[in-house]
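Here is the structure we will look at.
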Protein chains: 2
Amino acid sequence: MAAVRASERVYRALRDEIVSGHLPPGAELSEVDQAGLRGVSRTPVREALARLQAEGLAAVGKGRTLVVSSLSPEDVAHLFELREALESQAARLAARRGAPAVFLDLAARFAAAPGLLDDGDPEREAYYALVTELDVAIDAAMASPYLERSLATLRAHVARARRLSRDNPDRLRRAAQEHALIATAIADGDEVLASQATAVHVRASLAAVLDNLASRTEHDDVTRLVPTGAAP
Amino acid sequence: MAAVRASERVYRALRDEIVSGHLPPGAELSEVDQAGLRGVSRTPVREALARLQAEGLAAVGKGRTLVVSSLSPEDVAHLFELREALESQAARLAARRGAPAVFLDLAARFAAAPGLLDDGDPEREAYYALVTELDVAIDAAMASPYLERSLATLRAHVARARRLSRDNPDRLRRAAQEHALIATAIADGDEVLASQATAVHVRASLAAVLDNLASRTEHDDVTRLVPTGAAP
DNA sequence: GGCCCGTCGTTTGTATACAAAGTCACCTCG
DNA sequence: CGAGGTGACTTTGTATACAAACGACGGGCC
């Protein structure tokens with residue numbers, strides 16, 4: 001029944017809810033509340049919260065309370081500074097060590113993707129699944145455990161940032177071209193191009209997120225999602 | 001008396017002992033043993049071990065036991081792949097945002113350092129303190145919280161790797177020159193040079209560590225420090 | 001003699017009970 | 001009316017008790 005540990009289940013559940021935005025930034029993460037909610041004791045909840053705090057998804061709030069960490073536009077900019085460093089290096093190593101066939105296939109699928117993005121939410125999900133495939137392929141190809149660990153925690157934050165601002169179809173089409181270029185460079189074993197194309201993609205992605213966030217602020221109340229600027 | 005939490009004290013103590021090599025790779029980290037040793041309950045020990053595991057300083061051993069993670073030459077090489085990514089970006093951002101005066105001062109002190117490294121262990125410690133000063137200055141200058149977090153956990157691993165192989169005076173003199181160049185580039189606001197000089201330094205540092213490890217294997221028994229690769 | 005199964009022991013995982021510490025509100029005093 | 005302190009309450013931090021899971025060891029059977 002409960003083949004996995006309770007602390008693991010609680011951790012994943014909370015992590016998913018934070019990334020998906022169901023638990024918005026600033027939401028309080030009380031041990032007793034969560035224990036009651038998940039039907040477990042405080043002990044596994046405590047362990048889950050500690051992990052979330054270590055990853056930066058939760059942070060100490062005003063008193064001794066733990067809250068979902070905020071994600072202001074400045075935070076996103078800073079997050080992407082780390083993302084650029086990690087993903088550039090990942091692409092470089094993948095180009096050095098990866099099997100070309102895998103990335104040639106991915107490049108072709110990314111090249112074909114723009115035509116599929118004309119309509120609908122399911123198309124978007126399918127595209128994100130393809131991006132995840134590329135991430136997995138890069139992880140396997142680079143064969144760099146320490147980098148892989150850092151990337152894993154990073155991606156949760158990136159997913160959260162993406163969730164804050166839904167990409168529009170134009171951006172997705174351009175992203176598909178950027179991804180196709182990255183995959184091609186890796187397949188060619190071109191470390192420099194792979195690294196630089198990734199850096200370009202990360203910058204473009206950041207610009208898109210910030211643009212989306214700025215335009216949304218005009219008519220929608222985004223302050224509810226980004227409540228406290230920076231709690232000390 | 002115990003103004004800080006017991007879990008924090010245990011965490012720091014274990015972390016220091018792992019980094020310093022007092023707890024060698026492969027050493028078992030039993031909850032009950034550590035609880036008895038530190039005079040606290042299993043609960044804070046458990047929390048400390050979870051943090052160490054999240055940082056990669058501890059890993060699951062053969063059974064359900066937690067052991068100090070191994071650090072083979074391959075591991076060091078992989079670690080430095082992450083280090084290169086993080087520190088290059090850190091230097092780039094520091095060059096972009098840092099105050100030149102701080103780094104000009106550091107550059108001068110690094111330039112003067114080679115003459116001070118002629119003899120003795122205390123000199124080496126003084127030099128490492130200077131390196132730490134540079135790290136702190138870069139952290140402050142880059143103003144990138146996510147990157148800073150990743151760097152913090154990275155540095156524990158790097159310190160452990162450094163501990164495995166004591167640098168010789170020649171290497172230290174060359175490192176001082178490399179550091180001086182990095183500091184100068186940052187002071188000049190030269191992002192490209194700062195980033196590339198850091199990459200060069202990381203590569204040279206890796207080569208020195210691996211060389212040292214290889215030469216030590218000849219006459220000394222290093223297998224005690226890197227015991228089980230993954231033996232069941 | 002070798003392999004498989006059962007039992008035992010040691011470990012971690014979870015729950016709960018207890019203690020301390022900080023915060024908030026309210027009351028009192030200046 | 002404001003500021004300071006003091007009280008209680010709500011939170012986390014720690015300890016301990018209990019349960020379950022996994023590995024190891026030994027004995028029996030093929």
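All chains are named by letter (A, B, ...) in the order of the sequence lines, taking the proteins before the strands, and each is independently numbered beginning at 1.
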Query - Heavy-atom donor-acceptor pair, B:Ser69 side chain to B:Ala59 backbone, under 3.5 Å - result: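 No, B:Ser69 side chain to B:Ala59 backbone: no donor-acceptor pair under 3.5 Å.
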
Rounding to a whole Å, what distance do you find between [X]:[atom1] and [N]:[atom2]?
X       : N      : atom1 : atom2 : result
B:Leu29 : C:dT12 : CG    : C1'   : 14 Å
A:Glu31 : C:dA15 : CD    : P     : 13 Å
A:Glu8  : D:dA20 : CD    : P     : 21 Å
B:Asp33 : C:dT11 : CG    : P     : 7 Å
B:Lys62 : C:dT12 : NZ    : C1'   : 16 Å
A:Gln53 : D:dT12 : CD    : P     : 12 Å
A:Tyr11 : C:dG13 : OH    : P     : 16 Å
B:Arg38 : D:dA15 : CZ    : P     : 14 Å

Requested in this report: Kindly state each residue pair satisfying ring-ring contact (aromatic ring centres under 6.0 Å, His included) with at least one member in residues 11-30 of chain B, sequence neighbours excluded.
Outcome: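 Found none.
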
**Report entry** Pairs flagged by ring-ring contact (aromatic ring centres under 6.0 Å, His included) wherever residues 137-157 of chain B is involved - sequence neighbours left out
**Finding:**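 Applying ring-ring contact (aromatic ring centres under 6.0 Å, His included) to every pair that reaches into residues 137-157 of chain B, excluding sequence neighbours, yields A:Tyr146-B:His157, A:His157-B:Tyr146.
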
Query raised in the report: Quick one: is B:Thr65 getting a side-chain N or O under 4.0 Å of the C:dT12 phosphate, OP1 or OP2?
Result: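 It does not, given that no N or O in the side chain of B:Thr65 lies less than 4.0 Å from OP1 or OP2 of C:dT12.
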
Requested in this report: Establish, with yes or no, whether the OP1 or OP2 oxygen of D:dT11 is under 4.0 angstrom from a side-chain nitrogen or oxygen of A:Arg64.
Outcome: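 So the side chain of A:Arg64 is outside the cut-off, no N or O lying under 4.0 Å from OP1 or OP2 of D:dT11.
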
Query raised in the report: Under the salt bridge (charged side-chain N to carboxylate O under 4.0 Å, His left out) rule, what pairs show up with a residue in residues 129-152 of chain A, not counting sequence neighbours?
Result: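 Listed by first then second residue: A:Arg109-A:Glu133, A:Asp135-A:Arg155, A:Asp139-A:Arg155.
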
Query - Pairs where residues 68-81 of chain B contributes a residue and the test salt bridge (charged side-chain N to carboxylate O under 4.0 Å, His left out) is met, not counting sequence neighbours - result: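 Passing the test, one end in residues 68-81 of chain B: A:Arg97-B:Glu81.
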
Report task. Give me the residues of residues 39-50 of chain A where at least one heavy atom lies under 4.0 Å from an atom of DNA chain D, by number, or none. Result ->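 Contacts with DNA chain D under 4.0 Å: A:Arg42, A:Arg46.
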
Query raised in the report: Sequence neighbours excluded, which residues qualify as salt bridge (Lys or Arg N to Asp or Glu O under 4.0 Å) partners of A:Arg160?
Result: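 Result, salt bridge (Lys or Arg N to Asp or Glu O under 4.0 Å) vs A:Arg160: none returned.
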
